[in-house]
Amino acid sequence: MRNFHIFPRLYSSVVLEEGKTKQINLLIIQILPILKEMLKIDELVFSTLSFLSLIIERNSAFIRFYKSEKIIDHIFEMMKDANLLSNLNIIKIFIKLIEYQETSFDEIISMNLIDKVNVLINYDNGDNIIYTEYIIELFYNLLYKINEQKKAFAVNMDKEEFKVNFFLCFLCNF
């Protein structure tokens with residue numbers, strides 16, 4: 001009888017899966033510029049958005065590459081087309097973008113995501129419940145990120161200074 005326990009990693013499916021995952025991730029990184037170009041072809045927009053959404057749902061770390069390849073910027077431009085405002089894949093990508101830990105509050109502001117989410121909220125998509133559910137999730141994630149920033153801001157501030165700023169902010173809104 002052979003002792004297969006001597007080479008446990010050789011026969012490990014975990015090692016094989018990790019290797020496959022790395023290869024797939026490298027392939028995805030290589031095709032992102034091609035996918036960005038495919039977004040510019042009207043006939044391929046919907047299937048490309050679907051593929052981009054699927055990638056990001058499986059591994060949100062690709063947000064970093066979506067940003068560096070300017071795919072996110074292109075999607076923002078695509079939102080100017082009313083036909084694409086109700087595209088669930090765009091909303092799914094937004095959700096992952098906002099959820100992503102490396103997406104800072106300052107980035108949310110600089111990308112003008114609050115206004116973009118507001119456009120999606122105000123878009124009349126009829127009685128599409130799925131659209132509404134995704135928009136609610138998107139809005140919730142955005143509010144969560146804002147709240148986390150507010151907590152960090154409040155923790156670093158003196159209690160009296162916080163009260164004064166809160167009061168001034170309250171007065172400015174009236």
Side-chain angles (χ1 to χ4, degrees), residues 1-81 83-117 119-120 130-149 151-152:
M1 186 184 230
R2 294 184 181 197
N3 284 331
F4 287 105
H5 68 278
I6 296 173
F7 305 107
R9 293 188 53 85
L10 182 63
Y11 298 103
S12 169
S13 64
V14 173
V15 173
L16 289 174
E17 290 301 317
E18 287 175 3
K20 288 179 186 176
T21 301
K22 286 179 183 178
Q23 287 177 336
I24 292 169
N25 288 346
L26 288 173
L27 285 172
I28 291 170
I29 291 168
Q30 290 174 353
I31 66 166
L32 285 178
I34 297 167
L35 292 173
K36 179 184 171 190
E37 292 304 313
M38 289 172 63
L39 284 173
K40 297 175 183 175
I41 302 169
D42 290 339
E43 296 82 25
L44 301 175
V45 168
F46 292 105
S47 56
T48 306
L49 282 171
S50 179
F51 189 55
L52 287 167
S53 175
L54 179 66
I55 291 169
I56 212 70
E57 285 177 2
R58 301 274 185 213
N59 186 348
S60 61
F62 280 107
I63 284 291
R64 180 178 336 128
F65 299 105
Y66 283 27
K67 289 177 186 177
S68 68
E69 291 294 329
K70 307 277 189 229
I71 291 172
I72 294 292
D73 296 340
H74 189 71
I75 290 173
F76 290 160
E77 284 298 313
M78 292 170 58
M79 285 184 62
K80 294 176 182 174
D81 182 353
N83 296 324
L84 293 172
L85 277 179
S86 64
N87 188 292
L88 295 179
N89 292 308
I90 289 177
I91 297 167
K92 290 176 187 178
I93 292 169
F94 269 38
I95 289 169
K96 292 298 180 181
L97 173 65
I98 291 172
E99 282 179 347
Y100 189 54
Q101 286 184 340
E102 291 182 23
T103 302
S104 68
F105 180 75
D106 291 337
E107 261 187 313
I108 288 173
I109 298 300
S110 69
M111 287 189 277
N112 209 12
L113 280 177
I114 294 171
D115 288 340
K116 288 173 177 60
V117 170
V119 166
L120 293 171
I130 295 172
Y131 176 85
T132 304
E133 287 177 9
Y134 278 115
I135 292 298
I136 289 170
E137 182 179 351
L138 177 63
F139 185 65
Y140 172 81
N141 289 334
L142 182 62
L143 287 179
Y144 180 80
K145 263 302 199 219
I146 292 169
N147 189 47
E148 290 300 308
Q149 178 66 26
K151 283 181 190 176

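This chain uses plain numbering: 1 for the first residue, then up along the sequence. Predicted model only: the values in this text are computed from it and were never measured.
- The neighbour count for Leu27 CG, taken as heavy atoms of other residues, nucleotides or ligands under 6.0 Å away, is above 12.
- Side-chain contact check for Met78 versus Leu49: some heavy-atom pair is nearer than 4.5 Å.
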Side-chain donor-acceptor pairs of residues 101-114 under 3.5 Å, sequence neighbours excluded:
from   : atom 1 : to     : atom 2 : distance (Å)
Glu102 : OE2    : Tyr100 : OH     : 3.4
Thr103 : OG1    : Lys67  : NZ     : 3.4
Thr103 : OG1    : Leu97  : O      : 2.7
Ser104 : OG     : Glu107 : N      : 3.1
Glu107 : OE1    : Lys67  : NZ     : 3.0
Glu107 : OE1    : Ser104 : N      : 3.3
Glu107 : OE2    : Lys67  : NZ     : 3.0
Ser110 : OG     : Asp106 : O      : 3.3
Ser110 : OG     : Glu107 : O      : 3.1
Asn112 : ND2    : Asp115 : OD2    : 3.4

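- Under the 4.5 Å side-chain criterion, counting only non-hydrogen atoms from C-beta, Phe51 is in contact with Ile31.
- Taken to the nearest 0.5 Å, the CD1 atom of Ile93 stands 4.0 Å off from the CD1 atom of Ile75.
- Counted within 6.0 Å of OH on Tyr131, heavy atoms from surrounding residues, nucleotides or ligands total more than 12; the atom is thus considered enclosed.
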Taking only distance into account, with no hydrogens and no angle test, what donor-acceptor pairs under 3.5 Å do side-chain atoms of residues 32-41 form with protein atoms, sequence neighbours excluded?
from  : atom 1 : to    : atom 2 : distance (Å)
Lys36 : NZ     : Glu69 : O      : 3.4
Glu37 : OE2    : Lys40 : NZ     : 3.2

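- For the atom pair CD1 (Ile135) and OG (Ser86), the distance works out to 9.5 Å, reported to the nearest 0.5 Å.
- Side chain of Asn141 to main chain of Glu137: a donor-acceptor pair is present (N/O by atom type, distance under 3.5 Å, no hydrogens or angles).
- A salt bridge links Glu148 to Lys151: one of the charged nitrogens lies within less than 4.0 Å of a carboxylate oxygen.
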With side chain to side chain contact (heavy atoms under 4.5 Å, CB included) as the test, would you mind laying out the steps for Ser53 and Glu57 before giving the verdict? CA-CA 6 Å; Ser53 175; Glu57 285 177 2; 3.4 Å; yes
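- From Ile98, atom CD1 reaches atom NZ of Lys116 across 11.0 Å, with rounding to the nearest 0.5 Å.
- Counting only heavy atoms from C-beta outward, the side chains of Ile71 and Leu52 approach each other to under 4.5 Å.
- The backbone N or O of Phe46 sits nowhere less than 3.5 Å from a side-chain atom of Ser50 that would complete a donor-acceptor pair.
- Leu84 contributes atom CG, which lies 12.0 Å from atom CD of Glu77 (distance to the nearest 0.5 angstrom).
- Here the CD1 atom belonging to Ile91 is positioned 8.5 Å from the CE atom belonging to Met79, to the nearest 0.5 angstrom.
- Contact annotation: the side chain of Asn147 never approaches that of Leu143 to less than 4.5 Å [non-hydrogen atoms, C-beta and beyond].
- To the nearest 0.5 Å, atoms CG (Leu120) and CD1 (Ile90) are separated by 8.0 Å.
- Here ring pair (Phe, Tyr, Trp, His ring centres under 6.0 Å) pairs that include residues 58-80, with residues two or more places apart or in two chains, are Phe62-Phe65, Phe76-Phe94.
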